[in-house]
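Every value quoted in this text rests on a predicted model; they were computed, and no experiment measured them.
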Protein chains: 2
Amino acid sequence: MTARSTNTGEGSGAQDPHRDIPEATVARLPVYLRALTSLAERNIASCSSEELATAAGVNSAKLRKDLSYLGSYGTRGVGYDVDYLSYQIAREIGVTHDWPVIIVGIGNLGQALANFSGFSSRGFRTVALLDAAEPMQGRTVAGLEVRPFADLAEIVAAEQVSIGVISVPATAAQDVADAMVAAGISSILNFAPAVLNVPPGVDVRKVDLSIELQILAYHESRKAAEADGTVDNGSEEGIRA
Amino acid sequence: MTARSTNTGEGSGAQDPHRDIPEATVARLPVYLRALTSLAERNIASCSSEELATAAGVNSAKLRKDLSYLGSYGTRGVGYDVDYLSYQIAREIGVTHDWPVIIVGIGNLGQALANFSGFSSRGFRTVALLDAAEPMQGRTVAGLEVRPFADLAEIVAAEQVSIGVISVPATAAQDVADAMVAAGISSILNFAPAVLNVPPGVDVRKVDLSIELQILAYHESRKAAEADGTVDNGSEEGIRA
DNA sequence: CGGAGTTTGTGACCGCGAGAACAAACTCGC
DNA sequence: GCGAGTTTGTTCTCGCGGTCACAAACTCCG
(Lines give C-alpha, C1' and ligand atoms only; values in the text may rest on other atoms or scores of the structure.)
Protein backbone atom coordinates (compact mmCIF):
# COMPACT_ATOMS: atom_id res chain seq x y z
CA MET A 1 0.00 0.00 0.00
CA THR A 2 2.80 2.34 0.62
CA ALA A 3 3.58 4.09 -2.59
CA ARG A 4 7.16 4.22 -1.55
CA SER A 5 9.73 3.70 -4.17
CA THR A 6 12.02 0.93 -3.12
CA ASN A 7 15.09 2.25 -4.75
CA THR A 8 17.30 3.84 -2.15
CA GLY A 9 20.18 1.79 -3.35
CA GLU A 10 22.36 3.79 -1.08
CA GLY A 11 25.69 2.20 -0.61
CA SER A 12 24.19 0.16 2.16
CA GLY A 13 27.66 -1.04 2.80
CA ALA A 14 27.36 0.60 6.15
CA GLN A 15 27.84 -1.94 8.84
CA ASP A 16 24.72 -0.85 10.61
CA PRO A 17 23.55 -3.67 12.72
CA HIS A 18 20.07 -3.04 11.52
CA ARG A 19 18.59 -1.35 8.53
CA ASP A 20 15.65 -2.45 6.44
CA ILE A 21 13.07 -3.42 9.00
CA PRO A 22 10.28 -5.51 7.45
CA GLU A 23 7.06 -3.62 6.89
CA ALA A 24 5.05 -6.08 8.94
CA THR A 25 7.36 -5.47 11.86
CA VAL A 26 7.12 -1.71 11.49
CA ALA A 27 3.36 -2.00 11.76
CA ARG A 28 3.68 -3.84 15.06
CA LEU A 29 6.30 -1.67 16.73
CA PRO A 30 3.72 0.95 17.75
CA VAL A 31 1.68 -1.78 19.38
CA TYR A 32 4.68 -2.89 21.40
CA LEU A 33 5.40 0.68 22.33
CA ARG A 34 1.89 1.14 23.61
CA ALA A 35 2.06 -2.07 25.61
CA LEU A 36 5.35 -0.96 27.13
CA THR A 37 3.89 2.41 28.03
CA SER A 38 1.05 0.65 29.74
CA LEU A 39 3.48 -1.50 31.73
CA ALA A 40 5.53 1.54 32.70
CA GLU A 41 2.42 3.26 34.01
CA ARG A 42 1.91 0.31 36.29
CA ASN A 43 5.47 0.71 37.55
CA ILE A 44 6.64 -2.52 35.99
CA ALA A 45 10.35 -2.15 35.32
CA SER A 46 11.05 -5.24 33.27
CA CYS A 47 9.19 -7.94 31.44
CA SER A 48 9.73 -11.11 29.46
CA SER A 49 8.94 -11.50 25.80
CA GLU A 50 6.05 -13.71 26.81
CA GLU A 51 4.48 -11.03 28.99
CA LEU A 52 4.98 -8.29 26.47
CA ALA A 53 3.66 -10.49 23.67
CA THR A 54 0.52 -11.19 25.64
CA ALA A 55 0.01 -7.51 26.34
CA ALA A 56 0.46 -6.74 22.66
CA GLY A 57 -1.70 -9.61 21.49
CA VAL A 58 0.95 -11.40 19.44
CA ASN A 59 3.08 -14.53 19.50
CA SER A 60 6.18 -14.30 21.70
CA ALA A 61 8.44 -15.70 18.99
CA LYS A 62 7.20 -13.09 16.57
CA LEU A 63 7.77 -10.38 19.12
CA ARG A 64 11.35 -11.48 19.75
CA LYS A 65 12.06 -11.64 16.08
CA ASP A 66 10.58 -8.20 15.57
CA LEU A 67 12.69 -6.75 18.36
CA SER A 68 15.78 -8.47 17.04
CA TYR A 69 15.59 -6.30 13.95
CA LEU A 70 16.26 -3.30 16.15
CA GLY A 71 19.16 -4.90 17.93
CA SER A 72 19.75 -6.96 21.04
CA TYR A 73 18.08 -4.91 23.68
CA GLY A 74 17.07 -7.74 25.98
CA THR A 75 18.99 -9.82 28.45
CA ARG A 76 18.85 -13.59 28.17
CA GLY A 77 17.54 -15.25 31.22
CA VAL A 78 16.02 -11.97 32.39
CA GLY A 79 13.90 -10.18 29.81
CA TYR A 80 13.58 -6.58 28.67
CA ASP A 81 13.95 -3.38 30.62
CA VAL A 82 10.70 -1.54 29.99
CA ASP A 83 12.04 2.01 29.86
CA TYR A 84 15.09 1.09 27.85
CA LEU A 85 13.13 -0.89 25.28
CA SER A 86 10.50 1.83 25.07
CA TYR A 87 13.13 4.35 24.21
CA GLN A 88 14.76 2.14 21.61
CA ILE A 89 11.47 1.50 19.86
CA ALA A 90 10.49 5.14 20.00
CA ARG A 91 13.86 6.06 18.55
CA GLU A 92 13.51 3.53 15.77
CA ILE A 93 10.04 4.76 14.87
CA GLY A 94 11.22 8.31 15.13
CA VAL A 95 8.83 9.58 17.76
CA THR A 96 11.37 10.70 20.31
CA HIS A 97 10.42 14.17 19.23
CA ASP A 98 6.98 15.37 18.16
CA TRP A 99 5.96 15.52 14.52
CA PRO A 100 3.86 18.47 13.39
CA VAL A 101 0.64 17.38 11.71
CA ILE A 102 -2.05 19.24 9.84
CA ILE A 103 -5.63 18.11 9.38
CA VAL A 104 -7.56 19.09 6.27
CA GLY A 105 -11.31 18.74 6.41
CA ILE A 106 -12.87 19.74 9.71
CA GLY A 107 -16.18 17.97 9.43
CA ASN A 108 -17.42 15.51 12.00
CA LEU A 109 -14.46 13.23 11.58
CA GLY A 110 -11.91 16.02 11.35
CA GLN A 111 -13.17 17.51 14.60
CA ALA A 112 -12.97 14.14 16.27
CA LEU A 113 -9.41 13.73 15.07
CA ALA A 114 -8.49 17.21 16.24
CA ASN A 115 -9.80 16.38 19.68
CA PHE A 116 -8.19 12.96 19.79
CA SER A 117 -5.73 12.97 22.63
CA GLY A 118 -3.88 9.96 21.29
CA PHE A 119 -2.22 12.10 18.69
CA SER A 120 -0.61 14.53 21.05
CA SER A 121 0.39 11.89 23.55
CA ARG A 122 2.16 9.64 21.10
CA GLY A 123 4.62 11.75 19.21
CA PHE A 124 2.42 14.10 17.22
CA ARG A 125 1.30 17.68 17.52
CA THR A 126 -1.57 19.08 15.52
CA VAL A 127 -0.38 22.46 14.32
CA ALA A 128 -3.23 23.50 12.07
CA LEU A 129 -6.76 22.70 11.01
CA LEU A 130 -7.85 23.60 7.50
CA ASP A 131 -11.19 23.61 5.75
CA ALA A 132 -12.35 24.97 2.44
CA ALA A 133 -15.88 25.74 3.59
CA GLU A 134 -16.45 29.34 4.56
CA PRO A 135 -18.68 28.65 7.54
CA MET A 136 -16.00 26.63 9.27
CA GLN A 137 -13.24 29.15 8.96
CA GLY A 138 -12.47 31.16 12.01
CA ARG A 139 -14.20 28.74 14.31
CA THR A 140 -12.12 27.22 17.04
CA VAL A 141 -11.86 23.45 17.31
CA ALA A 142 -9.77 21.74 19.94
CA GLY A 143 -8.13 25.02 20.75
CA LEU A 144 -7.07 25.71 17.19
CA GLU A 145 -8.55 28.16 14.77
CA VAL A 146 -9.81 26.64 11.54
CA ARG A 147 -7.97 28.27 8.69
CA PRO A 148 -8.71 28.46 4.97
CA PHE A 149 -7.48 25.64 2.79
CA ALA A 150 -5.59 28.18 0.72
CA ASP A 151 -3.17 28.69 3.59
CA LEU A 152 -1.92 25.13 3.25
CA ALA A 153 1.41 25.81 1.55
CA GLU A 154 2.22 28.68 3.85
CA ILE A 155 1.56 26.68 6.99
CA VAL A 156 3.44 23.63 5.78
CA ALA A 157 6.47 25.74 5.01
CA ALA A 158 6.34 27.71 8.23
CA GLU A 159 5.86 24.73 10.51
CA GLN A 160 7.99 22.24 8.63
CA VAL A 161 5.04 19.88 8.34
CA SER A 162 5.66 16.58 6.59
CA ILE A 163 2.57 14.63 7.68
CA GLY A 164 -0.95 15.50 6.60
CA VAL A 165 -4.32 14.04 7.49
CA ILE A 166 -7.15 14.08 4.95
CA SER A 167 -10.68 13.95 6.31
CA VAL A 168 -12.63 15.51 3.47
CA PRO A 169 -15.33 13.94 1.29
CA ALA A 170 -14.08 11.44 -1.27
CA THR A 171 -14.63 13.77 -4.18
CA ALA A 172 -12.20 16.33 -2.79
CA ALA A 173 -9.56 13.93 -1.53
CA GLN A 174 -7.38 13.80 -4.62
CA ASP A 175 -7.27 17.58 -4.91
CA VAL A 176 -6.26 17.90 -1.28
CA ALA A 177 -3.60 15.25 -1.73
CA ASP A 178 -2.21 17.03 -4.76
CA ALA A 179 -2.06 20.29 -2.86
CA MET A 180 -0.37 18.61 0.09
CA VAL A 181 2.26 17.03 -2.13
CA ALA A 182 2.83 20.33 -3.89
CA ALA A 183 3.28 22.01 -0.53
CA GLY A 184 5.96 19.51 0.43
CA ILE A 185 4.11 16.97 2.53
CA SER A 186 5.46 13.48 2.04
CA SER A 187 3.28 11.34 4.29
CA ILE A 188 -0.50 11.27 4.12
CA LEU A 189 -3.06 9.59 6.32
CA ASN A 190 -6.22 9.34 4.26
CA PHE A 191 -9.65 8.88 5.79
CA ALA A 192 -11.55 9.63 2.61
CA PRO A 193 -12.97 6.58 0.84
CA ALA A 194 -10.99 7.19 -2.33
CA VAL A 195 -7.86 5.89 -3.99
CA LEU A 196 -5.16 8.52 -3.90
CA ASN A 197 -2.65 8.94 -6.66
CA VAL A 198 0.65 10.31 -5.42
CA PRO A 199 4.16 10.51 -6.84
CA PRO A 200 6.90 8.14 -5.73
CA GLY A 201 8.47 9.05 -2.43
CA VAL A 202 5.16 9.99 -0.87
CA ASP A 203 3.68 7.53 1.59
CA VAL A 204 -0.04 7.09 1.88
CA ARG A 205 -1.86 5.07 4.46
CA LYS A 206 -5.60 4.77 4.28
CA VAL A 207 -8.19 4.22 6.94
CA ASP A 208 -11.49 3.24 5.44
CA LEU A 209 -14.31 2.63 7.86
CA SER A 210 -16.76 1.04 5.48
CA ILE A 211 -14.12 -1.32 4.12
CA GLU A 212 -13.38 -2.53 7.62
CA LEU A 213 -17.06 -3.14 8.21
CA GLN A 214 -17.42 -4.95 4.92
CA ILE A 215 -14.58 -7.27 5.80
CA LEU A 216 -16.37 -8.06 9.03
CA ALA A 217 -19.58 -8.57 7.12
CA TYR A 218 -17.89 -11.11 4.87
CA HIS A 219 -16.76 -13.21 7.78
CA GLU A 220 -20.11 -12.75 9.44
CA SER A 221 -21.85 -14.07 6.35
CA ARG A 222 -19.66 -17.12 6.36
CA LYS A 223 -20.36 -17.75 10.00
CA ALA A 224 -24.08 -17.49 9.40
CA ALA A 225 -23.91 -19.82 6.42
CA GLU A 226 -21.96 -22.34 8.39
CA ALA A 227 -24.27 -22.21 11.35
CA ASP A 228 -27.19 -22.70 9.04
CA GLY A 229 -26.70 -25.95 7.33
CA THR A 230 -23.54 -26.30 5.42
CA VAL A 231 -21.44 -27.70 8.20
CA ASP A 232 -18.31 -28.50 6.34
CA ASN A 233 -15.87 -29.36 9.01
CA GLY A 234 -17.65 -29.08 12.27
CA SER A 235 -14.39 -28.57 14.09
CA GLU A 236 -13.65 -25.27 15.61
CA GLU A 237 -12.23 -23.63 12.54
CA GLY A 238 -11.67 -20.70 14.84
CA ILE A 239 -11.03 -17.64 12.81
CA ARG A 240 -8.23 -16.18 14.75
CA ALA A 241 -8.76 -14.96 18.25
CA MET B 1 -8.21 -24.86 -7.69
CA THR B 2 -11.03 -27.00 -9.00
CA ALA B 3 -13.74 -24.58 -9.76
CA ARG B 4 -16.03 -27.55 -9.85
CA SER B 5 -17.63 -27.60 -6.50
CA THR B 6 -17.47 -30.93 -4.83
CA ASN B 7 -21.05 -30.35 -4.03
CA THR B 8 -20.92 -29.82 -0.29
CA GLY B 9 -24.63 -30.23 -0.39
CA GLU B 10 -26.61 -27.04 -0.55
CA GLY B 11 -27.23 -26.40 -4.17
CA SER B 12 -30.28 -24.33 -3.49
CA GLY B 13 -30.40 -20.88 -4.91
CA ALA B 14 -26.88 -19.84 -4.24
CA GLN B 15 -24.92 -19.63 -7.40
CA ASP B 16 -21.55 -21.05 -6.73
CA PRO B 17 -20.42 -21.10 -3.17
CA HIS B 18 -16.69 -21.13 -3.55
CA ARG B 19 -15.04 -21.55 -0.24
CA ASP B 20 -11.79 -20.24 1.10
CA ILE B 21 -11.20 -16.82 -0.40
CA PRO B 22 -7.76 -15.56 0.70
CA GLU B 23 -7.86 -12.93 3.39
CA ALA B 24 -5.84 -10.50 1.30
CA THR B 25 -8.42 -10.78 -1.44
CA VAL B 26 -11.30 -10.25 0.96
CA ALA B 27 -9.68 -7.02 2.06
CA ARG B 28 -9.58 -5.78 -1.51
CA LEU B 29 -13.08 -6.76 -2.61
CA PRO B 30 -14.65 -3.72 -0.95
CA VAL B 31 -12.21 -1.51 -2.84
CA TYR B 32 -13.26 -3.07 -6.11
CA LEU B 33 -16.88 -2.68 -5.16
CA ARG B 34 -16.39 1.01 -4.49
CA ALA B 35 -14.57 1.50 -7.78
CA LEU B 36 -17.39 -0.28 -9.60
CA THR B 37 -19.98 1.89 -7.89
CA SER B 38 -18.06 4.93 -9.00
CA LEU B 39 -18.03 3.66 -12.59
CA ALA B 40 -21.73 2.92 -12.48
CA GLU B 41 -22.45 6.44 -11.30
CA ARG B 42 -20.71 7.68 -14.40
CA ASN B 43 -22.94 5.45 -16.51
CA ILE B 44 -20.11 3.17 -17.54
CA ALA B 45 -21.62 -0.21 -18.29
CA SER B 46 -18.54 -2.33 -18.70
CA CYS B 47 -14.82 -2.15 -18.07
CA SER B 48 -11.63 -4.10 -18.53
CA SER B 49 -9.55 -5.47 -15.70
CA GLU B 50 -6.98 -2.84 -16.54
CA GLU B 51 -9.44 0.03 -16.09
CA LEU B 52 -10.90 -1.36 -12.92
CA ALA B 53 -7.47 -2.07 -11.52
CA THR B 54 -6.41 1.51 -12.14
CA ALA B 55 -9.55 2.82 -10.47
CA ALA B 56 -8.91 0.58 -7.49
CA GLY B 57 -5.22 1.34 -7.32
CA VAL B 58 -3.98 -2.21 -7.81
CA ASN B 59 -2.25 -4.36 -10.38
CA SER B 60 -4.51 -5.76 -13.10
CA ALA B 61 -3.15 -9.27 -12.72
CA LYS B 62 -3.87 -9.17 -9.03
CA LEU B 63 -7.37 -7.92 -9.68
CA ARG B 64 -8.11 -10.71 -12.14
CA LYS B 65 -6.76 -13.26 -9.74
CA ASP B 66 -8.88 -11.86 -6.94
CA LEU B 67 -12.01 -11.93 -9.05
CA SER B 68 -11.29 -15.45 -10.19
CA TYR B 69 -11.82 -16.64 -6.65
CA LEU B 70 -15.44 -15.60 -6.93
CA GLY B 71 -15.99 -17.29 -10.26
CA SER B 72 -15.73 -16.40 -13.92
CA TYR B 73 -17.81 -13.29 -14.13
CA GLY B 74 -15.94 -11.62 -16.97
CA THR B 75 -15.98 -12.18 -20.70
CA ARG B 76 -12.69 -12.73 -22.47
CA GLY B 77 -12.00 -10.23 -25.15
CA VAL B 78 -14.60 -7.90 -23.62
CA GLY B 79 -14.20 -7.26 -19.93
CA TYR B 80 -16.59 -7.11 -17.01
CA ASP B 81 -20.17 -5.91 -16.86
CA VAL B 82 -20.16 -3.28 -14.13
CA ASP B 83 -23.57 -3.96 -12.63
CA TYR B 84 -23.24 -7.71 -12.81
CA LEU B 85 -19.81 -7.74 -11.22
CA SER B 86 -20.92 -5.29 -8.55
CA TYR B 87 -23.73 -7.57 -7.58
CA GLN B 88 -21.50 -10.63 -7.49
CA ILE B 89 -18.97 -8.94 -5.24
CA ALA B 90 -21.67 -7.54 -2.99
CA ARG B 91 -23.17 -10.98 -2.74
CA GLU B 92 -19.86 -12.56 -1.91
CA ILE B 93 -19.15 -9.98 0.79
CA GLY B 94 -22.65 -10.32 2.06
CA VAL B 95 -23.82 -6.75 1.70
CA THR B 96 -26.76 -7.33 -0.60
CA HIS B 97 -28.84 -6.63 2.44
CA ASP B 98 -28.09 -4.18 5.22
CA TRP B 99 -26.38 -5.26 8.41
CA PRO B 100 -27.57 -3.71 11.64
CA VAL B 101 -24.75 -2.07 13.59
CA ILE B 102 -24.53 -0.57 17.04
CA ILE B 103 -22.01 2.02 18.18
CA VAL B 104 -20.86 2.11 21.78
CA GLY B 105 -19.17 5.27 22.97
CA ILE B 106 -20.66 8.45 21.62
CA GLY B 107 -17.80 10.83 22.17
CA ASN B 108 -16.26 12.88 19.42
CA LEU B 109 -15.37 9.86 17.35
CA GLY B 110 -18.59 8.03 18.02
CA GLN B 111 -20.61 11.01 16.87
CA ALA B 112 -18.54 11.27 13.74
CA LEU B 113 -19.13 7.59 13.04
CA ALA B 114 -22.84 7.93 13.66
CA ASN B 115 -22.98 10.76 11.15
CA PHE B 116 -20.78 9.00 8.62
CA SER B 117 -22.88 8.47 5.52
CA GLY B 118 -20.56 5.78 4.21
CA PHE B 119 -21.97 3.31 6.65
CA SER B 120 -25.56 3.58 5.57
CA SER B 121 -24.73 3.71 1.89
CA ARG B 122 -22.59 0.61 1.83
CA GLY B 123 -24.57 -2.15 3.41
CA PHE B 124 -24.87 -1.06 7.01
CA ARG B 125 -27.54 0.53 9.15
CA THR B 126 -26.81 2.06 12.52
CA VAL B 127 -29.61 0.88 14.75
CA ALA B 128 -28.50 2.20 18.11
CA LEU B 129 -26.04 4.47 19.86
CA LEU B 130 -24.99 3.63 23.39
CA ASP B 131 -23.01 5.49 26.00
CA ALA B 132 -22.39 4.87 29.67
CA ALA B 133 -22.12 8.54 30.57
CA GLU B 134 -25.27 10.04 31.99
CA PRO B 135 -25.01 13.41 30.27
CA MET B 136 -25.05 11.81 26.84
CA GLN B 137 -28.09 9.67 27.36
CA GLY B 138 -31.26 10.94 25.84
CA ARG B 139 -29.46 13.28 23.50
CA THR B 140 -30.08 12.80 19.83
CA VAL B 141 -27.16 12.20 17.51
CA ALA B 142 -27.56 11.61 13.80
CA GLY B 143 -31.25 11.12 14.30
CA LEU B 144 -30.85 8.46 16.94
CA GLU B 145 -31.36 8.74 20.64
CA VAL B 146 -28.34 7.86 22.75
CA ARG B 147 -29.31 5.03 25.03
CA PRO B 148 -27.71 3.70 28.20
CA PHE B 149 -25.00 1.10 27.88
CA ALA B 150 -27.04 -1.22 30.04
CA ASP B 151 -29.52 -1.64 27.20
CA LEU B 152 -26.91 -3.37 25.07
CA ALA B 153 -28.10 -6.94 25.41
CA GLU B 154 -31.71 -6.00 24.91
CA ILE B 155 -31.01 -4.06 21.72
CA VAL B 156 -28.73 -6.70 20.29
CA ALA B 157 -31.36 -9.33 20.81
CA ALA B 158 -34.22 -7.24 19.49
CA GLU B 159 -32.46 -6.04 16.37
CA GLN B 160 -30.44 -9.17 15.64
CA VAL B 161 -27.24 -7.19 15.74
CA SER B 162 -24.04 -9.10 15.05
CA ILE B 163 -21.65 -6.21 14.40
CA GLY B 164 -20.59 -3.73 17.03
CA VAL B 165 -18.38 -0.65 16.91
CA ILE B 166 -16.32 0.36 19.93
CA SER B 167 -15.38 4.01 20.22
CA VAL B 168 -14.81 4.35 23.94
CA PRO B 169 -11.58 5.21 25.79
CA ALA B 170 -8.98 2.45 25.88
CA THR B 171 -9.58 1.70 29.52
CA ALA B 172 -13.20 0.76 28.91
CA ALA B 173 -12.72 -1.10 25.64
CA GLN B 174 -12.26 -4.60 27.04
CA ASP B 175 -15.34 -4.31 29.24
CA VAL B 176 -17.42 -3.16 26.30
CA ALA B 177 -16.06 -5.99 24.17
CA ASP B 178 -16.91 -8.52 26.85
CA ALA B 179 -20.43 -7.18 27.11
CA MET B 180 -20.82 -7.26 23.35
CA VAL B 181 -19.68 -10.85 23.15
CA ALA B 182 -21.96 -11.81 26.02
CA ALA B 183 -24.85 -10.16 24.20
CA GLY B 184 -24.19 -12.22 21.11
CA ILE B 185 -22.17 -9.92 18.91
CA SER B 186 -19.59 -11.79 16.88
CA SER B 187 -17.85 -9.05 14.90
CA ILE B 188 -16.24 -6.01 16.45
CA LEU B 189 -14.71 -2.94 14.91
CA ASN B 190 -12.47 -1.43 17.56
CA PHE B 191 -11.34 2.17 17.49
CA ALA B 192 -9.98 2.16 21.01
CA PRO B 193 -6.20 1.96 21.27
CA ALA B 194 -6.22 -1.29 23.19
CA VAL B 195 -5.72 -4.98 22.52
CA LEU B 196 -9.01 -6.81 22.82
CA ASN B 197 -9.26 -10.31 24.14
CA VAL B 198 -12.18 -12.20 22.65
CA PRO B 199 -13.16 -15.85 22.46
CA PRO B 200 -12.70 -17.90 19.27
CA GLY B 201 -15.35 -17.29 16.69
CA VAL B 202 -15.46 -13.57 17.33
CA ASP B 203 -13.77 -11.37 14.73
CA VAL B 204 -12.07 -8.17 15.73
CA ARG B 205 -10.69 -5.55 13.41
CA LYS B 206 -8.93 -2.58 14.86
CA VAL B 207 -8.49 0.92 13.56
CA ASP B 208 -5.79 2.72 15.44
CA LEU B 209 -5.11 6.28 14.42
CA SER B 210 -1.90 6.82 16.33
CA ILE B 211 -0.45 3.57 15.04
CA GLU B 212 -1.08 4.66 11.48
CA LEU B 213 0.63 7.95 12.16
CA GLN B 214 3.57 6.23 13.80
CA ILE B 215 4.05 4.01 10.78
CA LEU B 216 4.14 7.12 8.64
CA ALA B 217 6.58 8.69 11.06
CA TYR B 218 8.89 5.75 10.73
CA HIS B 219 9.08 6.09 6.98
CA GLU B 220 9.36 9.82 7.31
CA SER B 221 12.32 9.43 9.62
CA ARG B 222 14.02 7.21 7.12
CA LYS B 223 13.41 9.68 4.35
CA ALA B 224 14.84 12.49 6.43
CA ALA B 225 17.88 10.46 7.44
CA GLU B 226 18.47 9.51 3.86
CA ALA B 227 18.23 13.07 2.66
CA ASP B 228 20.67 14.08 5.31
CA GLY B 229 23.03 11.35 4.46
CA THR B 230 23.50 10.85 8.13
CA VAL B 231 22.69 7.42 9.28
CA ASP B 232 22.47 8.46 12.87
CA ASN B 233 22.10 5.06 14.30
CA GLY B 234 24.37 4.14 17.06
CA SER B 235 26.23 6.03 19.65
CA GLU B 236 22.93 6.91 21.14
CA GLU B 237 24.39 6.18 24.51
CA GLY B 238 22.15 3.78 26.28
CA ILE B 239 20.19 5.08 29.15
CA ARG B 240 20.45 1.85 30.87
CA ALA B 241 20.69 2.09 34.61
C1' DC C 1 32.86 -22.44 40.92
C1' DG C 2 29.66 -25.24 38.46
C1' DG C 3 25.24 -26.93 37.27
C1' DA C 4 20.33 -26.12 36.80
C1' DG C 5 16.86 -23.11 35.24
C1' DT C 6 15.30 -19.34 32.39
C1' DT C 7 14.87 -16.39 28.55
C1' DT C 8 16.63 -14.20 24.42
C1' DG C 9 18.12 -14.29 19.67
C1' DT C 10 18.20 -16.76 15.39
C1' DG C 11 18.34 -20.39 11.90
C1' DA C 12 15.19 -23.53 9.34
C1' DC C 13 11.00 -24.47 7.36
C1' DC C 14 6.60 -23.68 5.32
C1' DG C 15 2.67 -21.38 3.39
C1' DC C 16 0.54 -17.26 1.54
C1' DG C 17 0.52 -13.70 -1.68
C1' DA C 18 2.44 -10.75 -5.55
C1' DG C 19 3.80 -10.53 -10.17
C1' DA C 20 4.84 -12.18 -14.85
C1' DA C 21 3.72 -14.90 -18.61
C1' DC C 22 0.73 -17.61 -21.31
C1' DA C 23 -3.21 -20.34 -22.95
C1' DA C 24 -8.25 -20.02 -23.56
C1' DA C 25 -12.11 -17.67 -25.23
C1' DC C 26 -14.60 -13.99 -27.13
C1' DT C 27 -15.44 -10.08 -30.76
C1' DC C 28 -14.80 -7.86 -35.02
C1' DG C 29 -13.87 -7.22 -39.86
C1' DC C 30 -13.89 -9.12 -44.29
C1' DG D 1 -16.64 -18.69 -41.92
C1' DC D 2 -12.13 -17.45 -40.55
C1' DG D 3 -8.16 -15.03 -39.07
C1' DA D 4 -6.55 -11.11 -36.29
C1' DG D 5 -6.90 -8.69 -32.16
C1' DT D 6 -8.23 -8.33 -27.41
C1' DT D 7 -8.95 -9.60 -22.71
C1' DT D 8 -9.80 -12.98 -19.16
C1' DG D 9 -8.44 -16.86 -16.22
C1' DT D 10 -4.70 -19.66 -14.68
C1' DT D 11 -0.11 -21.49 -13.92
C1' DC D 12 4.45 -20.81 -12.34
C1' DT D 13 7.91 -18.78 -9.69
C1' DC D 14 9.80 -16.11 -6.08
C1' DG D 15 10.13 -13.54 -1.87
C1' DC D 16 8.11 -12.06 2.48
C1' DG D 17 6.30 -13.30 6.83
C1' DG D 18 4.87 -16.54 10.58
C1' DT D 19 6.03 -20.44 13.46
C1' DC D 20 8.95 -23.87 15.55
C1' DA D 21 12.79 -25.30 17.76
C1' DC D 22 17.22 -24.76 19.65
C1' DA D 23 21.74 -22.81 20.81
C1' DA D 24 23.64 -18.90 23.38
C1' DA D 25 23.83 -16.31 27.42
C1' DC D 26 22.50 -14.78 31.82
C1' DT D 27 21.02 -15.62 36.91
C1' DC D 28 20.62 -18.22 40.95
C1' DC D 29 21.87 -21.46 44.31
C1' DG D 30 24.50 -24.79 46.68
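- In this structure, A:L67 atom CG and C:dG9 atom P are separated by 7 Å, rounded to whole Å.
- Residues passing the side-chain contact (heavy atoms from CB on, under 4.5 Å) test with A:S60, sequence neighbours excluded: A:S49, A:E50, A:A53, A:R64.
- The OH-C1' distance, from A:Y73 to C:dG9, rounds to 14 Å in whole Å.
- Taking atom CD of B:E23 as the reference point, atom P of D:dG17 lies 17 Å away to the nearest angstrom.
- In this view, B:A56 and B:V31, B:Y32, B:A35, B:V58 satisfy the side-chain contact (heavy atoms from CB on, under 4.5 Å) rule, not counting sequence neighbours.
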Listed pairs under 3.5 Å, donor-acceptor, residues 116-126 of chain B side chains, sequence neighbours left out:
from, atom 1, to, atom 2, distance (Å)
B:S120, OG, B:S117, O, 3.0
B:S121, OG, B:S117, O, 3.3

Listed pairs, N/O of protein and of nucleotides 4-7 of chain C, under 3.5 Å:
from, atom 1, to, atom 2, distance (Å)
C:dT7, O4', A:G77, N, 3.2
C:dT7, O2, A:G77, N, 3.3

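- Pairs passing the side chain to side chain donor-acceptor pair (under 3.5 Å) check and including a residue from residues 94-104 of chain B, sequence neighbours excluded, do not occur.
- Rounded to an integer number of Å, the gap from CD of A:E50 to C1' of C:dG9 is 15 Å.
- If you take CG of B:D20 and P of C:dG17, they are 10 Å apart, rounded to a whole angstrom.
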Could you list the donor-acceptor pairs under 3.5 angstrom formed between side-chain atoms of residues 179-188 of chain B and any protein atom two or more places apart in sequence or on another chain?
from, atom 1, to, atom 2, distance (Å)
B:S186, OG, A:E220, OE1, 3.2
B:S186, OG, A:E220, OE2, 2.5
B:S187, OG, A:E220, OE1, 2.4

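- Here C:dT10 presents its P atom at 10 Å from OH of A:Y69, a figure rounded to the nearest Å.
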Name the atoms and distances for all side-chain donor-acceptor pairs under 3.5 Å in residues 168-176 of chain B, with sequence neighbours left out.
from, atom 1, to, atom 2, distance (Å)
B:Q174, OE1, B:N197, N, 2.9
B:Q174, NE2, B:D178, OD1, 2.8
B:Q174, NE2, B:N197, O, 3.0

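- Partners of A:A24 by side-chain contact (heavy atoms from CB on, under 4.5 Å), not counting sequence neighbours, listed by chain and number: A:R28.
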Are there any protein N/O atoms within less than 3.5 Å of an N/O atom in nucleotides 18-22 of chain D, and if so, which ones and at what distance?
from, atom 1, to, atom 2, distance (Å)
D:dG18, OP1, A:R28, NH1, 2.8
D:dG18, OP2, A:R28, NH2, 2.9
D:dT19, OP2, A:K62, NZ, 3.4
D:dT19, O4, A:K65, NZ, 2.6

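- Between A:S167 and A:I103, the closest heavy-atom pair is OG-CG2, 3.7 Å.
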